[in-house]
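Here is how names work: the chains are called A, B, and so on, in the same order as the sequence lines, proteins then strands, and each is numbered from 1. Side chains included, hydrogens not; waters and symmetry mates left out as well; all remaining heavy atoms used.
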Amino acid sequence: MTSPQATNGNGRLLTPFNVVAAIILVFGIIITILRFTGGLASVTHLSDNNPWGLWIGFDLLVGVALAAGGYVTSSAVYIFGLKRFHAAVRPAILTGFLGYALVVLALHYDVGRPWRLPYPFIMSRGTTSLLFEVAACVALYLTVLFIEFSPAALEWLGLKRARNLVHRLTLLLTILGVVLSTLHQSSLGALFLIVPAKLHPLWYSPYLPIYFFITSTIAGLSMVICESALSHRYFHDRMDAEHRDGNRDLTLGFGKAAAWVLAGYFVIKTIGIAADNNWHYLATGYGIWYLVELLGFVALPAFMYAVGVREKNVTIIRGTAAWTVLGIIVNRFNVCLVAFNWQLPADQRYFPHWMEIGISLFIVTIGLLVFRFVVTRMPILYAHPDYDAH
Amino acid sequence: MTLSRRKFLGWMGGASLAAVGARKAQAASNRTFEGYAGSLAVLHDITRCIGCRRCEAACNQVNDLPKPEKSFDDLTVLETHRRTSAPAYTVVNQFSIEGATGPRTFVKKQCNHCLEPACASACFVKAFTKTPEGPVVYNASLCVGCRYCMIACPFEIPAYEYDKALDPKVTKCTMCYPRIMEGKLPGCVEACPTEALVFGRRDELIQAARERMRVHPGRYQEHIYGEHEMGGTSWLYLSGQPFEKVGLREDLGTAPAGQLTSGALGAVPMVVGLWPVLLTGIWAINKRKEKIAAQEQAEAVAAARAETEAQAAASLKAALEKAAKENAATVAREVKKALDTAKSAAQDKHDTEKKS
């Protein structure tokens with residue numbers, strides 16, 4: 001992470017964070033050149049049997065899920081009336097906007113001809129494809145997030161009239177954001193409905209779209225808790241009183257919501273096993289790994305969130321939030337990589353090339369740097385004095 | 001508003017047209033889509049295949065594919081199981097069912113040209129087309145290279161040019177679409193020396209396959225693979241061995257791939273229609289709650305104030321009355337006092353006068 005010196009704008013350039021980030025960026029640029037000169041074969045372990053690897057499993061599936069904080073927070077505040085969490089909206093929208101922008105950036109590495117990414121809209125609409133729905137909703141939602149984020153930039157730039165105009169659209173944008181998020185978060189799960197022959201029965205379920213949508217809200221709640229904890233640690237000097245004092249309340253409130261949603265998710269996962277009568281698979285190797293996911297990354301955090309809320313222990317909730325985020329990564333990897341192609345012999349399975357990991361790190365690093373750039377300049381963690389935030 | 005007869009009839013016409021349209025879309029039917037009528041197909045009789053790889057060589061030639069490292073005459077290639085790849089649209093695999101020394105079975109693998117293809121259903125730019133003639137063809141000029149077709153294909157057929165940086169394509173067998181449109185046979189069918197591959201109309205090939213089963217009892221499994229798998233395919237297989245044992249999965253089901261995703265796609269308009277109503281409703285309820293709470297607060301404040309004021313007024317009044325009473329009492333007392341004083345003064349005067 002970053003040090004206070006790096007954040008307050010006057011500081012030293014040679015912080016440990018900056019050095020590591022610079023190394024990752026240099027490697028990332030080198031791998032980028034290799035990717036666009038030598039093709040996917042030169043930097044990935046993708047194959048005809050494993051056409052989707054880390055860049056889809058992590059950059060797309062995990063990236064979109066972890067960027068769900070935007071719609072979760074804005075709907076909590078503007079629709080469900082939880083105005084006391086207002087201070088959390090802007091950081092969550094910023095994280096969401098950056099998350100989606102980076103997902104789109106990552107797709108440029110993965111698809112064969114990235115300049116054709118608008119083709120589904122302008123050349124030939126393949127509306128029978130779940131991927132079309134994903135593409136349409138991600139494109140629209142990225143636009144919505146950009147507009148939702150723009151008041152912060154406009155305040156920074158001093159464009160008062162434009163800012164007030166956008167501010168009036170808040171409710172409309174929030175509703176649009178929830179609709180689009182519901183659709184594409186679930187569609188990412190629905191992508192795998194077409195492969196009952198390739199995805200292990202424990203992970204394949206007709207409920208996949210619902211599972212992906214529900215886990216996205218869990219990811220959103222947990223990411224907001226993590227992000228606010230990290231911001232508190234590293235950008236404390238950038239915060240106003242509302243952000244500083246509201247943090248504890250936010251952590252307790254979102255922790256409580258996450259406990260309930262995780263509990264509900266545990267129930268519908270169990271119903272999924274029962275509906276397909278997959279109990280006997282639980283005694284296999286894949287079954288044990290499935291139980292690790294279900295008990296270790298769903299039931300356990302549900303319980304720990306509840307304990308943290310009951311004891312009003314912010315530390316427990318923050319730790320649980322980090323564990324839950326890890327659980328989301330485990331879940332998406334399981335569906336896309338681990339349980340996918342389970343029918344193939346081990347030597348035909350996929351494991352990422354180190355350069356694939358390099359590009360994923362590169363993209364996460366870009367996200368952190370842009371986040372730092374924005375919060376140290378724009379009114380994200382504090383309310384601009386010229387505007388009434390509510 | 002006035003309603004002319006003409007306008008009314010126009011509306012009724014529109015309504016009935018809509019009703020007819022609706023009936024057309026929703027009408028129940030005892031028919032399912034079983035592929036384009038008269039479409040073409042290939043029947044692969046596995047029992048006749050000798051594993052000579054001439055089909056592979058012909059495929060390589062007619063599609064202008066790069067020459068492989070090991071020549072097509074080299075049959076040691078068969079010792080490892082292969083799948084289709086960018087330079088090989090078709091491969092022959094060898095299976096030994098009864099141990100290594102027993103008779104070997106050879107199976108040709110290529111695109112099965114589904115009647116309702118998973119790749120076409122999954123493609124978000126419609127780069128795949130099921131032609132009415134039978135072949136499933138791919139249009140590289142639309143392809144973005146997302147490779148979802150490769151994920152979706154249950155037969156693991158489409159391959160990708162991973163080594164191309166700027167113009168990678170998905171590759172797969174075309175059933176020699178350009179050749180059959182010229183009236184020629186597909187390259188592999190033409191090259192097959194044992195007629196393990198037969199090209200023709202799909203419905204006629206299914207008849208022919210049944211005829212072979214009837215003429216040679218016990219030679220074949222009682223199943224034409226591809227007649228119903230994944231909704232039916234345009235490549236049909238007859239086998240002496242269980243299909244599962246010669247690399248043809250029997251757990252794919254008979255529903256076409258599109259049916260697996262139609263439910264999820266059908267939910268999209270429902271979410272678009274209902275979510276805004278639900279969310280606006282929740283927002284409005286909260287807004288109203290806040291408004292009522294503010295109102296009640298204002299009322300409570302007003303009531304409290306009124307009560308306080310009334311109490312103040314009452315106590316003021318009481319105090320005033322008390323003060324008035326006290327005043328009166330004081331006046332009376334003072335008057336009495338003055339009278340008494342006057343009286344006693346008068347008495348004193350009288351007494352003094354009397355004395356003097």
Peer 1: Please list, one pair per line, the donor and acceptor atoms closer than 3.5 Å that link side chains of residues 256-281 of chain B to other protein atoms, with sequence neighbours excluded.
Peer 2:
residue, atom, partner, partner atom, Å
B/T261, OG1, B/G258, O, 3.3
B/S262, OG, B/Q259, O, 3.4
B/W275, NE1, A/T182, OG1, 2.7
B/T280, OG1, B/P276, O, 2.4

Peer 1: Would you mind checking which part of A/P120 comes under 4.5 Å of any heavy atom in chain B, side chain (CB onward), backbone (N, CA, C, O), both or neither?
Peer 2: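 Both backbone and side chain of A/P120 come within 4.5 Å of chain B.
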
Peer 1: Which one of B/K109, B/K108, B/E56 satisfies the side-chain hydrogen bond (donor to acceptor under 3.5 Å, both in side chains) criterion with B/T90?
Peer 2: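 One option only clears the test, and that one is B/K108.
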
Peer 1: Counting only non-hydrogen atoms closer than 4.5 Å, does B/A127 touch chain A with its backbone (N, CA, C, O), its side chain (CB onward), both, or neither?
Peer 2: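 It is neither, since no heavy atom gets under 4.5 Å.
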
Peer 1: Think A/R35 forms a cation-pi with A/Y109, using NZ or CZ under 6.0 Å from the six-ring centre and within 45 degrees of its axis?
Peer 2: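 Here A/R35 fails the 6.0 Å and 45° test against A/Y109.
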
Peer 1: Can B/Y237 and B/N112 be counted as having a side-chain donor-acceptor contact under 3.5 angstrom?
Peer 2: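 B/N112 and B/Y237 do have a side-chain donor-acceptor pair below 3.5 Å.
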
Peer 1: Pick from B/G253, B/C123, B/P154, B/P158: which one has the most heavy-atom pairs with chain A under 4.5 Å?
Peer 2: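 Going by pairs under 4.5 Å, I would pick B/C123.
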
Peer 1: Heavy atoms under 4.5 Å from chain B: which residues of residues 50-59 of chain A carry them?
Peer 2: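 Answer by number: A/N50, A/P51, A/W52.
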
Peer 1: Heavy-atom distance under 4.5 Å to chain B: side chain of A/S47, backbone, both or neither?
Peer 2: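 It is the backbone, since no side chain atom gets that close.
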
Peer 1: Please rank A/T127, A/L183, A/T44, A/V134 by heavy-atom pairs under 4.5 Å with chain B and give me the top one.
Peer 2: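 Heavy-atom pair counts peak at A/L183.
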
Peer 1: Let me know if B/L252 has heavy atoms under 4.5 Å from chain A in its side chain, its backbone, both or neither.
Peer 2: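 Side chain only.
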
Peer 1: Backbone N or O of A/L130 within a donor-acceptor pair of the A/S187 side chain at under 3.5 Å?
Peer 2: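 The answer is no, because no donor-acceptor pair under 3.5 Å joins these two groups.
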
Peer 1: Any cation-pi pair here, B/R53 with B/F106, using under 6.0 Å and within 45°?
Peer 2: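 B/R53 over B/F106 ring: no.
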
Peer 1: For atom NZ of B/K67, is the number of surrounding heavy atoms from other residues, nucleotides or ligands below 6.0 Å larger than 12?
Peer 2: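 Atom NZ in B/K67 is packed in, count exceeds 12.
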
Peer 1: Counting a contact as any heavy-atom pair under 4.5 Å apart, which residues of residues 339-354 of chain A contact chain B?
Peer 2: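 Within residues 339-354 of chain A, the residues under 4.5 Å from chain B are A/F340, A/N341, A/Q343, A/L344.
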
Peer 1: Could you tabulate the donor-acceptor pairs under 3.5 Å formed by side-chain atoms of residues 36-43 of chain A, not counting sequence neighbours?
Peer 2:
residue, atom, partner, partner atom, Å
A/T37, OG1, A/I33, O, 2.7
A/T37, OG1, A/L34, O, 3.3
A/S42, OG, A/L34, O, 3.4
A/S42, OG, A/G39, O, 2.7

Peer 1: Please check if any side-chain donor atom of B/S239 sits under 3.5 Å from a side-chain acceptor atom of B/K245, or the reverse.
Peer 2: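 No, no side-chain donor-acceptor pair sits under 3.5 Å.
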
